[in-house]
Each structure stands twice: as C-alpha cells, then as structure tokens.
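Remarks on the structure that follows.
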Amino acid sequence: QVQLVESGGGLVQAGGSLRLSCAASGGSFSSHAITWIRQPPGKEREFVAAISWLGANTYYADSVKGRFTISRDNAKNTVYLQMNSLRPEDTAVYYCAASKRIVIGTAQDYWGQGTQVTVSS
C-alpha cells in the first residue's frame with residue numbers, strides 16, 4: 001500500500017507561483033503513476049496532471065497546460081507540481097493520487113489528504 005502526503009499549498013496572488021510536493025511511503029512508489037487532482041469549492045474533483053512511473057510521459061488538463069509542470073524524483077519518493085501564472089480559478093484542494101497505471105481521471109488506487117491552494121485576485 002502507498003501512503004501519500006501533500007504539502008506546499010497556501011495563499012498566493014494571481015500571477016504568482018507555488019510548488020506542491022507529494023511524498024510517498026509504504027510501497028513501491030517508483031512503479032506507480034502519480035496524478036494530481038483538484039477539487040474547486042462546490043465542484044467535482046477534476047484531473048490536473050499525471051506522470052508515468054519513470055517520468056517519461058506526462059499529461060495535463062487543457063486548463064493548466066503551459067502553466068503547470070509535473071515532475072518526479074524517485075530517489076526521494078516525491079512528485080512535484082510546479083504551478084505558475086496562477087489564476088483565481090485554480091483555487092482548490094489539490095490531491096495527489098497513485099495507481100499502477102496512468103489514469104487520466106479520478107479513479108485512482110491511493111489518495112493523499114489534500115492541500116489547499118487559494119489564489120486571490
């Protein structure tokens with residue numbers, strides 16, 4: 001089983017940047033694809049970005065393409081989400097999730113507890 005802990009959320013002004021981290025333990029992290037998913041206030045969870053287990057393949061939602069970058073360091077059991085040019089509509093709870101294969105969606109095997117990102121206008 002994989003345990004995931006997110007960090008790095010906070011309050012930032014529009015146009016600013018944040019880097020989220022997802023630290024994993026308890027399982028074969030390097031053999032899992034990792035996905036970032038967010039849940040805006042009052043809305044359903046939505047896919048943000050995903051990275052394959054070796055980091056060779058990445059996928060992004062259209063709404064974040066060109067602004068967010070997902071990366072991973074398997075030696076540190078950590079995945080990152082660099083978020084630039086943040087907009088108020090990026091405000092959400094951000095979750096990282098893990099699955100044995102890439103899932104471009106919310107049907108994931110393991111979830112973290114989430115970290116709040118708030119972008120002020």
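From a predicted model like this one, the values you see are computed outputs, not experimental measurements.
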Kindly determine whether V117 and L20 satisfy side-chain contact (heavy atoms from CB on, under 4.5 Å), including the steps that lead there. CA-CA 9 Å; V117 171; L20 305 184; 4.0 Å; yes
Please step through side-chain contact (heavy atoms from CB on, under 4.5 Å) for the pair C22 and W36, ending with a clear verdict. CA-CA 9 Å; C22 172; W36 284 97; 3.6 Å; yes
Hey, could you give me the [atom1]/[atom2] distance between [X] and [Y], rounded to the nearest 0.5 Å?
{"X": "S25", "Y": "Q1", "atom1": "OG", "atom2": "CD", "value": "10.0 Å"}
{"X": "S21", "Y": "L81", "atom1": "OG", "atom2": "CG", "value": "9.5 Å"}
{"X": "R38", "Y": "E44", "atom1": "CZ", "atom2": "CD", "value": "14.0 Å"}

Are the side chain of [X] and the backbone of [Y] linked by a donor-acceptor contact shorter than 3.5 Å?
{"X": "T78", "Y": "K76", "value": "yes"}
{"X": "E6", "Y": "T115", "value": "no"}
{"X": "N74", "Y": "W53", "value": "yes"}
{"X": "R67", "Y": "S85", "value": "yes"}
{"X": "Y60", "Y": "I70", "value": "yes"}
{"X": "E46", "Y": "I37", "value": "no"}
{"X": "S52", "Y": "A56", "value": "yes"}
{"X": "T91", "Y": "T118", "value": "no"}

Answer with yes or no whether the hydrophobic clustering places I34 together with V48; edges join I, L, V, M, F, W, Y residues whose side-chain heavy atoms lie under 4.5 Å apart.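 Yes, I34 and V48 fall within the same hydrophobic cluster.
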Taking a hydrophobic cluster as the set of Ile, Leu, Val, Met, Phe, Trp and Tyr residues connected by side-chain heavy atoms closer than 4.5 Å, whether directly or through intermediates, do L4 and Y95 fall within one such cluster?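 No; Y95 is not reachable from L4 via cluster members.
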What closest approach, in Å, do [X] and [Y] show between heavy atoms, and which atom pair accounts for it?
{"X": "V93", "Y": "G114", "value": "CG1-CA, 3.9 Å"}
{"X": "G105", "Y": "T35", "value": "O-CG2, 4.3 Å"}
{"X": "P41", "Y": "A92", "value": "CD-CA, 4.5 Å"}

Is K65 salt-bridged to D62, cutoff N-O under 4.0 Å?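 Salt bridge: yes.
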Fit a plane to each ring of Y94 and F68, take the angle between them on a 0 to 90° scale, and name the class: parallel (under 30°), tilted (30 to 60°) or perpendicular (over 60°).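 Tilted, since the angle between the ring planes falls between 30° and 60°.
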Please tabulate, for the side chains in residues 7-19, all donor-acceptor contacts under 3.5 angstrom to protein atoms that are two or more places apart in sequence or on a different chain.
residue, atom, partner, partner atom, Å
S17, OG, N84, OD1, 2.9

Taking it one step at a time, do S31 and K100 satisfy side-chain contact (heavy atoms from CB on, under 4.5 Å)? CA-CA 7 Å; S31 65; K100 276 288 190 178; 3.2 Å; yes
Stacked cation flag R72 on Y80, 6.0 angstrom / 45 deg: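 No; the conditions do not both hold, so R72 does not lie above the ring face of Y80.
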Answer yes or no: does atom NZ of K43 have more than 12 heavy-atom neighbours from other residues, nucleotides or ligands under 6.0 Å?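 Atom NZ in K43 is not packed in, count stays at 12 or less.
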